[in-house]
Amino acid sequence: MADTTGIEWTDSTWNPVTGCTKISDGCTHCYAATFAERFRGTPGHHFEAGFDITLRPERLKLPMTWRTPRRIFLDSMSDLFHQDIPDTYIARVFAVMALTPHHTYQVLTKRHARMKALLSRATFWHDVAQEGREHFARCQEDWLAVGAMLGGKPLPNVWLGVSVEDQKWADIRIPALLGTPAAVRFLSCEPLLGPVNLKRAVIAMGSERGHGLTASYVHAAGCCERGLHGIDWVIAGGESGPRARPMHPQWARHLRDQCEWAAVPYFLKQWGEFAPEDHGHDRGRVALIDTQGRNWTERETPAPHDAVRMRRVGKQQAGRLLDGRHHDAVPAR
């Protein structure tokens with residue numbers, strides 16, 4: 001939880017829950033778990049329970065104290081839709097978001113199925129209203145003033161996203177996201193561990209533009225003018241940390257090009273620990289990686305024609321430039 005953050009695509013983080021469990025390849029070297037587990041068993045420490053799921057109700061009202069509008073990344077140290085977090089607690093979190101419409105909340109999950117099931121259920125929104133009246137609003141009139149959420153419309157200040165590390169999870173998580181009511185939908189392709197064809201995942205919804213199996217609430221905010229129907233933002237990035245895996249430059253370029261074709265904002269967050277040698281890096285350990293994510297050593301010859309030389313220079317030195325420019329596009333609030 002922080003008033004400011006080093007995460008490039010948000011302004012602040014808010015963690016009314018901490019802890020999680022690993023669910024897919026993108027979790028393998030989770031920075032949050034590594035950090036929290038260092039303090040497991042330390043009496044009185046905030047992470048005395050390590051990275052076990054821990055509800056933090058004392059933090060629920062924090063966004064209400066922030067007067068200046070900001071983008072807030074929800075649960076950077078957890079996953080709001082983890083199976084061990086009660087529905088009523090999730091409803092309470094959504095009540096806070098409903099009561100602070102001046103903020104924009106970015107909710108990212110790998111638990112796509114629970115997100116879709118819960119947010120598509122009419123009774124959940126009644127739970128949100130009940131939690132809001134019971135814990136935050138002074139009276140029912142105060143609560144009813146926050147908007148038309150119970151009318152079947154998603155909260156306009158809540159962006160929902162799923163993690164997409166490779167094609168396997170793109171094909172699974174993106175259709176679930178597109179089938180979930182949301183004002184803005186985004187993808188976090190970080191750590192990017194393989195090539196991702198977004199159109200292939202969107203086609204699973206019924207057609208190239210995602211029509212057919214999608215519900216009427218998908219058709220909003222000019223989405224029908226875009227090629228990747230229902231996807232409003234794509235974030236990409238390589239892995240950081242001591243056991244980081246390199247990101248092939250072509251994966252980042254391919255996502256950029258798809259977003260450009262579809263008129264979808266694209267944000268390259270970081271290269272991670274490794275940067276392409278041909279981006280001006282001539283120091284650091286060399287790693288060769290091909291477009292399928294296979295690693296090669298300089299002793300293995302011949303390497304595939306699509307293998308590129310990556311240099312381990314660290315996150316700061318690697319930077320965020322792709323082909324000489326930053327990619328910082330973000331949806332309008």
Please say yes or no: joined through hydrophobic side-chain contacts below 4.5 Å, possibly via intermediate residues, are [X] and [Y] part of one cluster?
X    : Y    : value
I23  : I90  : no
M77  : F39  : yes
I172 : L160 : no
W169 : L177 : no
V158 : F124 : yes

So [Y] and [X], do their side chains get closer than 4.5 Å, heavy atoms only?
X    : Y    : answer
V96  : H135 : no
E131 : L60  : no
M310 : P249 : yes
T42  : F47  : no
W14  : V93  : yes
R185 : D232 : yes
F94  : D127 : no
V196 : W251 : no

Which heavy atom of [X] sits nearest a heavy atom of [Y], and at what distance?
X    : Y    : answer
D306 : H248 : O-NE2, 2.8 Å
W261 : K199 : CH2-CE, 3.6 Å
A318 : V313 : N-CG2, 3.6 Å
A236 : Y266 : CB-OH, 3.7 Å
V164 : A170 : CG1-CB, 3.5 Å
D290 : P304 : OD2-CG, 3.9 Å

(message) Do R111 and T109 pair up side chain to side chain, a donor and an acceptor below 3.5 Å, judged on atom types alone?
(response)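 Not at all, the side chains of R111 and T109 share no donor-acceptor pair under 3.5 Å.
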(request) Using distance alone, with no hydrogens and no angle criterion, decide if N15 and S76 have a side-chain donor and acceptor under 3.5 Å apart. (result)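 Yes.
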Counting only heavy atoms not in [X] (residues, nucleotides, ligands), do more than 12 fall under 6.0 Å from its [atom1]?
X    : atom1 : result
E58  : CD    : yes
Q83  : CD    : yes
K61  : NZ    : no
Q317 : CD    : no

Sidechain-backbone polar pair: [X] side chain, [Y] backbone, donor-acceptor under 3.5 Å:
X    : Y    : result
Q130 : H126 : no
N157 : M97  : yes
R320 : Q270 : no
E37  : G50  : no
H103 : W66  : yes
E239 : R245 : yes
E165 : P191 : no
H29  : R243 : yes
R311 : G284 : yes

(request) Could you walk me through whether V17 and R59 pass side-chain contact (heavy atoms from CB on, under 4.5 Å), step by step? (result) CA-CA 9 Å; V17 183; R59 295 181 174 180; over 6 Å; no
At what distance, to the nearest 0.5 angstrom, does [atom1] of [X] lie from [atom2] of [Y]?
X    : Y    : atom1 : atom2 : result
I174 : Q167 : CD1   : CD    : 7.5 Å
L62  : T13  : CG    : OG1   : 9.0 Å
D75  : C20  : CG    : SG    : 9.0 Å
S163 : D25  : OG    : CG    : 12.5 Å
R38  : F51  : CZ    : CZ    : 13.5 Å
M247 : L255 : CE    : CG    : 9.0 Å

(message) Please determine whether side-chain contact (heavy atoms from CB on, under 4.5 Å) holds for the pair D11 and T68, giving the CA-CA distance in whole Å, both sets of side-chain angles, and the decisive distance to 0.1 Å.
(response) CA-CA 11 Å; D11 300 318; T68 304; over 6 Å; no
(request) Assess whether side-chain contact (heavy atoms from CB on, under 4.5 Å) is satisfied between R71 and W9, documenting all intermediate values. (result) CA-CA 8 Å; R71 289 192 297 263; W9 46 263; over 6 Å; no
(message) Pair Q106, T10 - check side-chain hydrogen bond (donor to acceptor under 3.5 Å, both in side chains), show working.
(response) CA-CA 8 Å; Q106 298 156 313; T10 196; 2.7 Å; yes
Please determine if [X] and [Y] form a salt bridge, counting it only when a charged side-chain N lies under 4.0 Å from a carboxylate O.
X    : Y    : answer
K269 : E190 : yes
D171 : R200 : yes
D87  : R121 : yes

(request) Give the ring-plane orientation class for W159 versus F186, where under 30° counts as parallel, over 60° as perpendicular and anything between as tilted. (result)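 Plane angle over 60°, so perpendicular.
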(message) Which residues pass the salt bridge (Lys or Arg N to Asp or Glu O under 4.0 Å) test with D278, not counting sequence neighbours?
(response)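 Per chain and number, D278 pairs via salt bridge (Lys or Arg N to Asp or Glu O under 4.0 Å) with no residue.
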(request) Apply the side-chain contact (heavy atoms from CB on, under 4.5 Å) test between R173 and each candidate in K168, K110, M115; give the one that qualifies. (result)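 Of the listed residues K168, K110, M115, the side-chain contact (heavy atoms from CB on, under 4.5 Å) partner of R173 is K110.
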(message) As a test of understanding, state which of H327, H326, H279 forms a ring-ring contact (aromatic ring centres under 6.0 Å, His included) with W271.
(response)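 Going through H327, H326, H279 one by one, the ring-ring contact (aromatic ring centres under 6.0 Å, His included) with W271 is satisfied by H279 alone.
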(request) Determine, stepwise, if the pair T104 / I72 fulfils side-chain contact (heavy atoms from CB on, under 4.5 Å). (result) CA-CA 6 Å; T104 299; I72 301 172; over 6 Å; no
